[in-house]
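Here's the structure, in structure tokens; my notes come after.
Ligands are counted one by one from 1 in listed order, and the atoms in each one are counted from 1 as well. Excluded from the calculations below are hydrogen atoms, water molecules and symmetry mates; all remaining heavy atoms, backbone and side chain alike, are included. Note that the structure is a prediction, hence the values are computed from the model and not measured.
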Amino acid sequence: MCRISSLYFRVLELLYKAPIFVKPRRVCPTPPLPPSDIKKYTVKTQEKMADTVSEQATAATASAPAPAPATPAPEKAPGNVKEGSSAAEQGGVEGSGKECEGAIGGARRDPDIKKELGESDEEDEGEEDDEDYDYDEEEEDDDDEDQEGFMSMLQNFLMSRLHIGSHPDVPQVLESVSVEGMVQYLKSGQVKNVITMAGAGISTSAGIPDFRTPGTGLYSNLEKYNLPYPEAIFDIEYFKTNPKPFFVLARELYPGTFNPTPSHFFIKLLHDKGLLLRHYTQNIDTLEHVAGIPGDKLVEAHGTFRTSHCLSCHKEYTQEWMKEEIFQDKIPKCTGEECDGLVKPDIVFFRESLPLRFFQMTQVDFPKCDLLIILGTSLTVQPFAMLVDNVPATCPRLLVNREKAGSIDPMVALLQGMANPGGLALDSPHNKRDVVLLGECDEGCAKLADMLGWKEDFEKLLPASK
Ligand code: OAD
Ligand code: ZN
């Protein structure tokens with residue numbers, strides 16, 4: 001009993017640092033963080049981030065028309081940040097907090113979206129109250145808990161800290177947690193609102209490199225730009241001091257010179273079948289448009305080349321204007337009166353905020369999602385990556401990728417004190433809904449189309465058969 005007690009207090013000590021409550025996660029546009037690797041985040045960084053979120057949220061209301069941050073936000077700031085105490089928890093995708101409400105739209109919201117959100121805003125307010133938590137009281141009460149309570153708490157603690165998957169009470173929707181199970185679920189007629197999330201991996205077969213594949217990825221091939229670190233090429237602060245590398249790269253990878261891949265057409269097919277609620281893409285290659293997916297079905301989370309803005313006076317420029325500048329090897333400068341500001345395409349750089357539409361649509365879409373398909377992404381850049389946690393707890397999630405992605409190593413999560421690190425539970429013994437289809441995206445999509453009995457329709461969409 002003595003040993004149990006001491007273990008018990010040790011657990012409490014850990015819990016105190018990082019509460020384990022499994023609550024809907026909140027997302028907020030966040031400040032600069034190392035873009036590439038969520039595993040690097042320390043508790044200290046998260047706290048600092050929460051503070052900066054607040055500053056940034058205030059700044060974002062000041063009408064910056066350009067896009068904003070491809071930076072990670074915690075599900076709720078982990079570590080010893082109390083619930084309800086950080087700006088990161090108070091808004092964002094679930095948009096309940098005043099500060100973040102401003103950042104993501106608030107009064108500026110599209111009225112239709114606002115209407116759809118009316119109910120959830122109220123729910124969120126209630127939820128905020130529920131989340132108040134008194135750690136001191138908890139610590140006192142815990143002294144009286146019996147062994148059973150302790151064991152259950154320990155189990156919850158370990159499940160959360162080790163990220164060992166869904167809670168046993170959450171019902172399983174799939175008959176089998178496999179690709180076959182996913183296909184069967186899709187065929188059953190229960191699926192009405194598919195959300196697809198994509199990254200660079202759906203465009204590599206078009207000849208556009210992804211970012212992080214060792215050897216071929218963009219970040220392995222930037223030596224000639226002499227950057228302090230690879231991501232600097234998309235870092236707004238670095239860009240302001242040295243825009244040349246970005247514009248040289250933009251010329252090389254300028255949208256319009258590539259064709260959509262079978263993966264793009266598979267997403268189009270989901271739309272044609274009336275199943276696609278929305279496609280969220282991190283890509284700026286515009287290939288979804290080219291594949292014929294209508295604009296209202298798209299959320300371009302990392303912005304677009306279609307417009308550009310002066311970083312100083314915010315004057316807007318067209319794609320044609322920017323294209324001409326880029327192809328003449330110029331550094332685009334503002335033509336406004338008495339302004340010599342740098343002009344940048346409205347793609348989201350690190351330390352900038354994501355487009356307002358991203359935050360608005362995620363609030364509307366994700367609660368409705370009944371199947372999430374994630375294609376060709378390493379799920380390392382936030383807040384995009386954490387969208388996988390915004391679907392309902394029962395919603396099946398299918399990853400089509402060369403490698404497993406989107407789960408945080410349980411040991412890393414444990415060591416860094418991350419409460420409920422979230423992500424996909426592909427390797428969890430309690431996994432009831434996450435499936436990976438490993439391999440090339442195009443092949444995975446062809447296989448799915450085949451298994452769904454859509455082979456003919458799929459092939460009709462592919463350019464070679466037109
Ligand atoms: P990454 O390069 O991080 O990840 C691409 C993923 O797709 C990797 O897991 C690859 O293994 C996989 N992959 C590549 N080609 C594939 C193929 N043909 N079939 C199947 N899988 C394939 O690219 P993203 O996840 O898109 O943001 O990167 C996210 C963000 O990081 C980008 O939007 C960009 C970047 O920094 C900004 O610059 C703001
Ligand atoms: Zn200007």
[X]-ligand 1 polar pair, N/O distance under 3.5 Å:
X	answer
Asn283	no
Arg402	yes
Val348	no
Val400	no

Identify, by atom number and element, the atoms of ligand 1 in contact range of [X], meaning under 4.0 Å from any of its heavy atoms.
X	answer
Gln282	25 (O), 26 (O), 29 (C), 30 (C), 33 (O)
Phe234	38 (O)
Arg212	1 (P), 2 (O), 3 (O), 28 (O), 29 (C), 30 (C), 31 (O), 35 (C), 36 (O)
Gly439	19 (N), 20 (C)
Gly376	5 (C), 6 (C), 7 (O)
Gly199	26 (O)
Ala200	23 (O), 24 (P), 26 (O)

Protein N, O or S atoms under 2.8 Å from the Zn ion (ligand 2):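 Number of qualifying protein atoms: 4.
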Contact partition for Thr377 relative to ligand 1, non-hydrogen atoms under 4.0 Å: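 Near ligand 1, Thr377 shows its backbone as well as its side chain.
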4.0 Å heavy-atom contact, Tyr219 with ligand 1: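 It does; at least one heavy atom falls under 4.0 Å.
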From the candidates Ser378, Ser205, Gly217, the one that places a heavy atom nearest atom 3 (O) of ligand 1: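 Heavy atom nearest to atom 3 (O) of ligand 1 belongs to Ser378.
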Heavy-atom nearest neighbour of atom 11 (O) of ligand 1 within options Glu440, Glu403, His302: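 It is Glu403 that holds the nearest heavy atom.
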CA sep, side-chain torsions, deciding dist, call: Tyr280, Phe366, ring-ring contact (aromatic ring centres under 6.0 Å, His included): CA-CA 11 Å; Tyr280 285 76; Phe366 278 74; 5.1 Å; yes
Donor-acceptor side-chain pairing of Glu300 and His289 below 3.5 angstrom: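 Distance-only check passes for Glu300 and His289.
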Chi angles and distances behind the side chain to side chain contact (heavy atoms under 4.5 Å, CB included) call for Met197, Leu375: CA-CA 6 Å; Met197 287 172 62; Leu375 306 115; over 6 Å; no
[X] atom [atom1], neighbour heavy-atom count above 12 within 6.0 Å:
X	atom1	result
Glu456	CD	no
Glu252	CD	yes
Gln328	CD	yes

Pro355 vs Val348 side-chain heavy atoms within contact, under 4.5 Å: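 Yes, their side chains come closer than 4.5 Å.
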Six-ring centre of Phe349, Lys344 cation under 6.0 angstrom, axis tolerance 45°: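 Pair Lys344/Phe349 counts as cation-pi.
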Plane angle bin for Tyr219 and Phe211 - parallel if under 30°, tilted between 30 and 60°, otherwise perpendicular: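 Taking Tyr219 first and then Phe211, their aromatic rings sit tilted (interplane angle of 30° to 60°).
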Leu249 and Leu218: CA distance, side-chain angles, deciding distance, side chain to side chain contact (heavy atoms under 4.5 Å, CB included) verdict: CA-CA 10 Å; Leu249 182 71; Leu218 192 63; 3.6 Å; yes
